[in-house]
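First up is the structure itself, then whatever we jot down about it.
Values below: every heavy atom of this structure, side chains too, minus hydrogens, waters and symmetry copies. To find a chain, count down the sequence lines: A is the first, B the second, and so on, and within it residues start at 1. What you are looking at is a predicted structure, and each value in this text was computed from that prediction instead of being measured.
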Amino acid sequence: MWKEATFGNRRVLEREWRGCLTLLSASPYHESSMSNSSIPIKKEDLSNSGPRVRFAPSPTGFLHVGSARTFIFNWLYARRNAGTMVLRLDDTDVERNTDASVQSIFEGLKWLDLRWDEEYKQSERLTLHQKTAWEIFEKGMAYRDFTPAHTGEVEKSGTQGTWLFNPGVRELSRDESDRRAAAGEPFALRFRVPRDTGEEVRFSDAVYGEQRKLAEDIEDFALLRSDGMPTYHLASCADDIDLRITHVIRGQDHLTNTFKHVLIFEAAGGKTPQFAHLPLLVAPDGTKLSKRRHGPIVSVTTYRDAGFLPEAFINFLCLLGWSPKNDREQMSLEELKELFSLEGINRANAVINFKEPASTPEEMFDPKAVWLNAEHIRALPIEELSARLLPVVQQAGYPIDAAQMLKITPLVRERIQLTRDVLTVADFLLVNQLPPYDPAELVPQKGDAAMAKRVLEKARSVLATTEFKHDPLDQVLRAAAQELGIKAGQMFQPIRVAVCGRKNAPPLFETLEVLGREKTLVRIEQAIGKL
RNA sequence: GGCGCUAUCGUCUAGGGGUUAGGACGGAAGAUUCUCAAUCUUCAAACCCGGGUUCGAUUCCCGGUAGCGCUACCA
C-alpha cells in the first residue's frame, strides 16, 4: 500500500492508489532529541478509532501565538480523547508560502514539545483536490468562470460592495463551457451556490452553537484558480474528508467560511466534521495581532528566547479563551490534558495584554504570562530547574558546570520570573571580578563609612577561619555584630554589598556558602580598599 | 454597504431570574525572615445602553451602540 517517492529533495511515502496521502519525513517530530533518532515515518493509524483533529497552518510567516494556541487546543482535545493529531501544511498559496516559514513554524512547535501523529503537505496532494473539484463540477454544482481574474480589493470599494456572482456566467451551457475550455481559454472553477431557493446552510458549532445562513447570502466562491491550483476552501475540505478529520478546531475568523465548507462537504459527498471555533486573540487595542503592527510579541520564538518555560507558555495560552471553571490557574500539561473540554471555551475575543511600546523586555509581556512562568519555575524540582537554567547560563558565555548550577539554583528559584533572569540575579556568582559599584552602598543603615569599614575588617578576620556553611556563618556573623555593638542587619549589609556588588541579593549565608571562602575574602578586601 | 459573531473589575475569567456578583494577574497598604524575592493579610476595581417578559433582571427576549470576523482566482 505504501511506496517511496521523491518530491523535491524530500523523501516521502505516498499511498499508491491515490497519490494524495503524503507523509513527510523531515519535521521536529523526527528531529526530536528525545529518544531514538530514527523514528519510523508515521503512517495513518487505522486502528485508532478516536477523534481525528488537525492543525493546518499556512506557511506565510513565523508561528504566531494565535496559531500556537489553536495547535495546543487541538492537541489537548486529541490527547484528552485518545484521538489523533494531524499536522497539515496548508500551502496552496504558492505566491506567499516560503520554506523559511515552514522551518520557523516547526521551530516554534518544537519548542512547545507537543507531538503530532501524522503529517501532510497540501501542495503534494493537488490531484486529490482537483479530483474533488471536478467531481463537484460533474454534479453540476460548480461552473467555469471565464471572467478574467480581477483585483478583488478594487471591486469592493464600490458602495454596494456586495459581490455574490457574475451575472450570466453561471448560466453558460455545458457545451459552450467545454468548448471554451478546450480552446484554452483560462477559467476559475466556482461553486454554484443555490440562489432564490430560500435554502439555509446550517451547522452546529461546539462553541458558538447553532449557526445558520441564507445560501443566497453566500458568494459563488472559487474552488480552482485559473492556473488549476485549488483554493484554500476546496483544499481544506477535500483534505479533511480524505484524512477523515472528525473535529475541526480553528480560529473564529473561519466561522463564516464554514458555511462554504459545509456546502463543499455536502457537494463532495463527505461527512461534515464537528466544528469548534475559537475566540480570537487580539492586541490591547482590540485589533487583530499582526507582526507589522505589534512586532515580535506575536511570535512564539520571542517567548522562548525571553526565557519562558514551554509548559508555562502553554498554560498561559490555554487561559485565553478557555477556563476549567474551577478557579484553577496554574496547571501542568497533565492537568490541562485532564481538564480540557470544548465546553469550557469562551465566545468573546481575548486580549493578550502586552505593552504596546515595549519598554524593558520583561515588561512587554502580559503580566499574567510572566507570573505563570514564575509559578511554573517554582513548581519545578531543583534538579529539573537547574538543568533548564544551565544552558541559559552557558549560552550567555559563562563556563559553568552542572554541579555549580545545582548549587546556585536554590538561590535564584524564588527570585526569577523568566529563566533568563538568572543572568541578572546570579551574576555575582558567575563572574570572577565584580563590576564596579558605588562604595556608598557599603554603608549600612544608620551607620557611616567608618562603621562599614569596621564591619568588613571584622568579617575579614572571622571569615578567614569559619566553616563556610550556613549555620556556622550565621552564628559567627551574629556574634561579630554583637561584639561591634551593632544590629545584625548593619553587619550583613556591608558584607552583602561587598560580595554581591549591590544591596538586593539572595540571603547572605547561603550566598557565602555558594561563593566560597576564597572569593568572599577577595571581595571583602576589595571593598575595604574602596572605603 | 451586506452577512455573521461577541459584550462581567485595567486584563484573563467564574456565575446566573432574588448573590455582599466569586477567583486570578496587575495596582495600593500592611505583616514577615539579614536586603531582595517568596509567603500571608487587607483594600480599590466590573455586569455597554434602552425597551420588553417577570413580583424581581447583570442573567431570558428585542432594539441600539461598540468591537471583531467574513465578504479575493489569501489562508
Side-chain angles (χ1 to χ4, degrees), chain A residues 56-60 90-93 95-97 145 147-153 155-156 158-164 186-190 205 207-209 211-214 217-219 221-233 235-236 251-260 277 279-280 282 284 286-288 316 319-330 346-353 366-372 374 378 411-417 425 445 474 477-478 481 487-493 495-497 500 502-509:
Chain A
S58 72
T60 54
D90 279 9
D91 56 350
T92 53
D93 183 359
E95 300 281 301
R96 305 196 309 152
N97 295 154
D145 178 359
T147 314
H150 55 254
T151 45
E153 299 301 328
E155 183 90 354
K156 71 182 194 190
T159 31
Q160 52 263 62
T162 332
W163 179 91
L164 289 173
F187 62 87
L189 196 69
R190 287 188 183 281
D205 189 273
V207 174
Y208 290 90
Q211 302 295 315
R212 48 173 61 187
K213 184 169 181 165
L214 247 21
D217 282 332
I218 301 170
E219 73 278 9
F221 53 93
L223 259 20
L224 292 177
R225 303 180 178 118
S226 45
D227 62 2
M229 285 290 283
T231 61
Y232 160 75
H233 299 301
S236 174
Q252 195 243 41
D253 47 346
H254 285 298
L255 190 64
T256 4
N257 286 333
T258 307
F259 293 107
K260 295 172 198 163
H277 287 89
L280 262 22
V282 296
T287 62
K288 198 170 144 186
F316 170 65
L319 257 21
L320 294 174
W322 173 78
S323 162
K325 299 185 188 290
N326 60 359
D327 286 346
R328 285 294 304 279
E329 301 267 357
Q330 201 251 101
N346 200 4
R347 280 178 289 278
N349 289 172
V351 172
I352 176 159
N353 197 17
D366 189 318
K368 194 153 194 169
V370 174
W371 169 76
L372 264 175
R378 292 191 290 264
L411 262 47
V412 301
R413 171 147 80 158
E414 303 203 323
R415 275 163 261 271
I416 59 174
Q417 298 186 290
V425 172
Q445 280 286 310
D474 186 331
L477 291 175
R478 280 181 200 280
K487 290 184 176 170
Q490 291 177 307
M491 180 80 203
F492 301 156
Q493 198 63 3
I495 303 175
R496 187 194 325 280
V497 174
C500 305
R502 69 180 115 87
K503 283 180 173 169
N504 298 341
L508 189 58
F509 314 132

- Using the P atom on both, measure B:rU35 against B:rA31 and round to a whole Å. 13 Å
- Query: Does the side chain of A:Thr231 come within less than 4.5 Å of A:Leu224's, by heavy atoms?
  - Reply: no
- Heavy atoms under 4.0 Å, any strand shown: does A:Lys288 hit a base, just sugar-phosphate, or nothing? sugar-phosphate
- Query: Which part of the nucleic acid, if any, lies within reach of A:His233 when heavy atoms closer than 4.0 Å are counted: base, sugar-phosphate only, or nothing?
  - Reply: base
- Message: Let me spell it out: for each of A:Ala188 and A:Arg378, pick the nucleotide of RNA chain B with the closest heavy atom. Which residue's pick is nearer the 5' end?
- Response: A:Arg378
- Item | Presence of A:Thr147 side-chain N/O under 4.0 Å of B:rC73 phosphate oxygens OP1/OP2 | no
- Message: Under 4.0 Å, counting only non-hydrogen atoms across every strand here, what does A:Lys503 touch: a base, just sugar-phosphate, or nothing?
- Response: base
- Ignoring hydrogens and angles, answer whether the base of B:rC34 and the side-chain atoms of A:Arg496 contain a donor-acceptor pair closer than 3.5 Å. yes
- Message: Considering every strand and a 4.0 Å limit on heavy-atom distances, what is the contact class for A:Pro506: base, sugar-phosphate, or nothing?
- Response: base
- Span that lies between the C1' atom of B:rG2 and that of B:rU19, in whole angstrom: 43 Å
- Item | Separation between the C1' atoms of B:rC60 and B:rA24, rounded to whole Å | 29 Å
- What is the nucleic acid contact for A:Leu508, judged by heavy atoms within less than 4.0 Å: base, sugar-phosphate only, or nothing? base
- Within the structure shown, what part of the strands sits under 4.0 Å from A:Glu329 by heavy-atom distance: base, sugar-phosphate, or nothing? base
- Query: In whole Å, what separates the C1' atom of B:rU41 from that of B:rU53?
  - Reply: 45 Å
- Query: What's the closest nucleotide to the A:Arg478 side chain, out of B:rC3, B:rG22, B:rC34?
  - Reply: B:rC34
- Query: Is A:Ser58 touching bases, backbone alone, or none of the nucleic acid, heavy atoms closer than 4.0 Å?
  - Reply: sugar-phosphate
- Message: List the residues meeting ring-ring contact (aromatic ring centres under 6.0 Å, His included) with A:Phe492, not counting sequence neighbours, and say none if there are none.
- Response: A:Phe509
- Query: Phosphate oxygens OP1/OP2 of B:rC68: is one of them under 4.0 Å from a side-chain N or O of A:Asn349?
  - Reply: no
- Task: Taking atom P in both B:rA75 and B:rA7, compute the distance separating them and give it to the nearest angstrom.
- Result: 31 Å
- Message: Once you apply a heavy-atom cut-off of 4.0 Å, does A:Gly251 come out as touching a base, just sugar-phosphate, or nothing?
- Response: nothing
- Message: Holding to salt bridge (Lys or Arg N to Asp or Glu O under 4.0 Å), I want the full list of residues that pass it with A:Asp217, two or more places apart in sequence or in another chain.
- Response: none
- Message: Ignoring hydrogens and geometry beyond distance, is the side chain of A:Lys325 in donor-acceptor contact with the base of B:rA14 at under 3.5 Å?
- Response: no
- Base, sugar-phosphate, or nothing: which does A:Pro367 touch, judged by heavy atoms less than 4.0 Å apart? sugar-phosphate
- Task: Apply side-chain contact (heavy atoms from CB on, under 4.5 Å) to A:Met491 and A:Arg478, showing your working.
- Result: CA-CA 8 Å; A:Met491 180 80 203; A:Arg478 280 181 200 280; over 6 Å; no
- Message: Using atom P in both nucleotides, what's the gap between B:rG67 and B:rC73 to the nearest angstrom?
- Response: 28 Å
- Task: Scan A:Gln211 against the nucleic acid and name what it touches under 4.0 Å (heavy atoms): base, sugar-phosphate only, or nothing.
- Result: sugar-phosphate
- Message: Please report the distance separating the P of B:rA14 from the corresponding atom of B:rG22, rounded so that it comes out in whole Å.
- Response: 15 Å
- Query: Checking only heavy atoms, does the side chain of A:Asn257 share a donor-acceptor pair with the base of B:rA75 at less than 3.5 Å?
  - Reply: yes
- Task: Pick base, sugar-phosphate or nothing for A:Phe259, based on heavy-atom distances below 4.0 Å to the nucleic acid.
- Result: nothing
- Message: Take a 6.0 Å sphere around NZ of A:Lys213 and say whether it holds more than 12 heavy atoms from other residues, nucleotides or ligands.
- Response: yes
- Under 4.0 Å between any heavy atoms, over every strand shown, what does A:Ser226 touch: base, sugar-phosphate, or nothing? Just pick one. base
- Would you mind classifying the nucleic acid contact of A:Ala488 as base, sugar-phosphate or nothing, using non-hydrogen atoms under 4.0 angstrom? nothing
- Task: Record whether the side chain of A:Arg347 comes under 3.5 Å of the base of B:rC5 through a donor-acceptor pair of N or O atoms.
- Result: no
- Item | A:Ala369 or A:Gly321, whichever maps to the more 5' nucleotide of RNA chain B | A:Gly321
- Whole-Å P distance, B:rU59 and B:rU54: 16 Å
- Message: Please classify the nucleic acid contact of A:Asp91 as base, sugar-phosphate, or nothing, using heavy-atom distances under 4.0 Å.
- Response: nothing
